[in-house]
Trainee: 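Just passing along the structure, written as structure tokens.
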Number of protein chains: 2
Amino acid sequence: METRELRYFVAVAEELHFSRAAARLGIAQPPLSRAISQLERRLGGALLERNSRGVTLTDAGRVLLAEARAALDVIDAAERRTRRATGDGAEPGLVLVSKAGASTELLTKLLDAYAAEPGSVKVEVDLCGIGQQGPRLRDGRADVALLHRPFDSVDGLDSEDLLTEGQVAVLPSSHPWSTRSQLRMADLDDIPGLPPMRWPSGGGYADGPGPEVRDSMQLYQLIALGRAYALLPESARAEQHHGIVTIPVLDAPEVTTVIAWPQHSRSLALAALVRTATRL
Amino acid sequence: METRELRYFVAVAEELHFSRAAARLGIAQPPLSRAISQLERRLGGALLERNSRGVTLTDAGRVLLAEARAALDVIDAAERRTRRATGDGAEPGLVLVSKAGASTELLTKLLDAYAAEPGSVKVEVDLCGIGQQGPRLRDGRADVALLHRPFDSVDGLDSEDLLTEGQVAVLPSSHPWSTRSQLRMADLDDIPGLPPMRWPSGGGYADGPGPEVRDSMQLYQLIALGRAYALLPESARAEQHHGIVTIPVLDAPEVTTVIAWPQHSRSLALAALVRTATRL
DNA sequence: CTGGGAACATACCTGAGCGGTATCGGCGGC
DNA sequence: GCCGCCGATACCGCTCAGGTATGTTCCCAG
């Protein structure tokens with residue numbers, strides 16, 4: 001199977017319409033019909049049900065759609081990584097991606113320690129939105145990431161644990177509970193008039209009453225405005241913001257900061273960075 | 001990047017010789033040279049160093065080699081899975097892969113329980129050699145596997161734990177220790193004249209003195225012949241073989257049998273099988 | 001019932017590009 | 001210095017991807 005065929009099939013499977021798919025691909029409709037027919041003939045069965053009033057996927061078509069998307073992602077990642085390794089532009093060394101506003105202290109220490117290592121290369125830091133680190137690694141835009149289990153999935157990645165910590169509730173300082181010295185998980189279920197923050201996890205937002213946020217600034221600002229609370233790793237206390245207080249939650253699940261990288265990564269610079277991180 | 005280009009590049013990168021690579025690909029050498037040059041031009045940098053006395057990989061070439069192999073594997077898997085879903089031959093339902101000779105009892109119970117479920121499909125069982133389950137899943141020849149942590153890696157797979165158990169030492173019944181009622185890990189380091197069995201793990205055999213085995217029959221036979229001992233999960237005691245004895249090893253690391261399947265699997269039949277397994 | 005239109009398939013043509021043969025250029029060994 | 005090995009280049013033919021025109025089928029309007 002050629003990637004061209006996969007791209008064509010994905011376009012048709014997503015549009016469920018040959019002419020629209022052809023337009024999206026920048027080709028005419030007949031060659032697209034022919035390419036799909038050839039693909040079906042080669043795979044030995046129908047992928048699409050043609051109803052003369054649109055198109056639907058067969059079971060095999062659904063399988064191929066999922067597989068083809070994954071395969072195209074892998075190929076795009078391969079191209080990006082190779083192009084980055086090719087030294088065509090400025091040789092950026094390593095790209096590290098981390099949630100903006102998280103693990104600031106750990107990240108600083110890591111970068112300092114690594115820069116002090118003999119033979120270390122330049123590390124470009126990409127501070128992304130919440131939950132974007134995994135995709136950045138997988139699609140080849142980054143070499144290494146800081147993730148936070150159990151929020152971020154490490155499926156399909158290699159990783160090393162760096163730091164495990166408890167969590168604190170982050171509340172508006174105007175809130176009646178802001179003077180408490182500690183909380184329990186059960187308390188959080190019914191904070192008077194304060195819903196939990198929601199952020200992307202596993203590709204989308206969970207259902208619930210609270211506001212949706214994409215990054216830490218939104219999060220702190222919404223808390224300061226008294227619109228929600230959040231449960232964050234202890235290290236968030238190092239962040240000083242106006243209008244918020246942090247209170248330990250004794251029985252909150254622990255959060256582990258991990259350093260993660262794509263499987264079958266063979267870079268010496270990456271290995272050195274990971275080694276430095278685990279020794280912090 | 002087309003898969004044809006990736007196949008060509010992998011062939012050259014593995015052979016480090018254009019003419020041999022061309023022969024392996026079944027084409028002539030000049031088109032191969034041209035294809036690689038085009039690929040290099042498109043990626044914006046050299047992948048190979050031509051020394052007129054053979055070929056070596058550049059850093060970018062090493063990156064692309066690893067990435068291209070992974071991408072080609074994903075594409076092969078996509079094709080196999082689609083072809084299996086295409087119903088061209090007998091519709092085998094699900095293919096479950098497990099180490100031959102391991103988890104026999106669990107497997108029997110699982111298959112019986114699943115067959116009794118309403119709406120269950122036929123399950124083909126593929127009993128493979130030690131350490132072959134992961135590859136079978138990843139390359140699309142199987143839908144679901146029974147693995148044994150920590151021996152088998154679940155990297156890149158989704159999984160559910162089924163059963164955790166201790167381990168037993170399997171010794172020749174002629175061995176002086178065969179009458180002992182229990183052992184400790186420290187004892188095993190110096191069993192008089194009996195090396196530990198070695199089996200494939202992580203793609204190859206570890207170094208060591210013991211004999212190498214690929215499947216359970218070899219293993220039991222070599223133990224009965226007094227050539228090695230093995231450390232196996234307790235459930236192996238259910239296997240009755242001549243000439244061997246099993247002795248609990250009190251402080252051996254625990255082994256967890258897990259059911260695993262490819263990420264982004266969307267099959268309802270698979271979900272039902274996994275649900276059945278976790279309820280056993 | 002019939003004409004029109006929407007949508008995919010078919011027919012046929014053209015040209016890009018893949019693969020083949022012949023040959024060149026560079027380098028190391030004898 | 002000649003020969004042999006190996007990759008690059010030149011050139012050619014043919015396959016096949018992509019374009020245009022048209023066919024076939026079905027739905028729907030009137």
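For the numbers below, each heavy atom of this structure counts, side chains included, while hydrogens, waters and symmetry mates do not. Note on naming: letters A, B, ... go to the chains in the order of the sequence lines (proteins, then strands), and numbering restarts at 1 for each one. Just so you know, these numbers come straight off a predicted model, no measurement behind them.
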Trainee: Measuring from the side chain of B/R34 (C-beta onward, heavy atoms only), which nucleotide among C/dA9, C/dT21, C/dG19 has the closest atom?
Mentor: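 Nearest to the side chain of B/R34 among the choices is C/dG19.
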
Trainee: In whole Å, I'd like the distance from the CG atom of A/L39 to the P atom of D/dC16.
Mentor: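 Atom-to-atom, A/L39 to D/dC16, this comes out as 16 Å.
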
Trainee: In whole angstrom, give the distance that lies between atom CZ of B/F18 and atom C1' of C/dG19.
Mentor: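 Checked: the CZ to C1' distance equals 16 Å.
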
Trainee: Using a strict 4.0 Å threshold on nitrogen-to-oxygen distance, state whether A/R42 and B/E79 make a salt bridge.
Mentor: no

Trainee: Rounded to the nearest Å, what distance is computed from the CZ atom of residue B/R4 to the C1' atom of nucleotide C/dG19?
Mentor: 10 Å

Trainee: Rounded to whole Å, how long is the line connecting atom CG of A/L32 with atom C1' of C/dA7?
Mentor: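 Taking atom C1' of C/dA7 as the reference, CG of A/L32 is at 13 Å.
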
Trainee: Salt bridge check, A/E2 against B/R4: does any charged N sit closer than 4.0 Å to a carboxylate O?
Mentor: no

Trainee: How close or far is atom P of D/dC16 from atom CD of A/E5, stated in whole angstroms?
Mentor: 12 Å

Trainee: For A/R138, is there an ion pair with A/D73 - N to carboxylate O distance below 4.0 angstrom?
Mentor: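 Between A/R138 and A/D73 there is no salt bridge, as every charged N stays at least 4.0 Å from the carboxylate O atoms.
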
Trainee: Heavy atoms from C-beta onward define the side chain here; which of D/dT20, D/dG19, C/dG20 lies closest to that of A/I27?
Mentor: D/dG19

Trainee: Nearest whole angstrom, please: distance from the P of D/dC6 to the CD of B/E15.
Mentor: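 Checked: the CD to P distance equals 12 Å.
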
Trainee: Take the protein atom CD of A/Q38 and the nucleotide atom C1' of C/dC8, then report the distance between them rounded to whole Å.
Mentor: 16 Å

Trainee: Which nucleotide sits closest to the side chain of B/P30: D/dG7, C/dT21, D/dA17?
Mentor: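 Side chain of B/P30 sits closest to C/dT21.
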
Trainee: So does A/S19 get a side-chain nitrogen or oxygen closer than 4.0 Å to the phosphate oxygens (OP1/OP2) of C/dC8?
Mentor: yes

Trainee: State plainly whether the residues B/E124 and B/R84 are in salt-bridge range, i.e. N to O under 4.0 Å.
Mentor: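 Not counted as a salt bridge, because no side-chain N and carboxylate O are separated by less than 4.0 Å.
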
Trainee: Heavy atoms from C-beta onward define the side chain here; which of C/dA7, D/dG19, C/dT21 lies closest to that of A/H17?
Mentor: C/dA7

Trainee: Should the pair A/R136-A/D126 be classified as a salt bridge under the 4.0 Å nitrogen-to-oxygen rule?
Mentor: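 Looking at A/R136 and A/D126, the cut-off is met.
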
Trainee: Checking contacts here: which listed nucleotide (D/dT20, C/dC8, D/dA8) is nearest the side-chain heavy atoms of B/R50?
Mentor: D/dA8

Trainee: Rounded to the nearest Å, what distance is computed from the CG atom of residue B/L48 to the C1' atom of nucleotide D/dA8?
Mentor: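 Value for this atom pair: 14 Å.
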
Trainee: Assess whether one donor atom and one acceptor atom, taken from the side chain of A/Q29 and the base of C/dA9, lie less than 3.5 Å apart.
Mentor: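 Result: at least one qualifying N/O pair found.
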
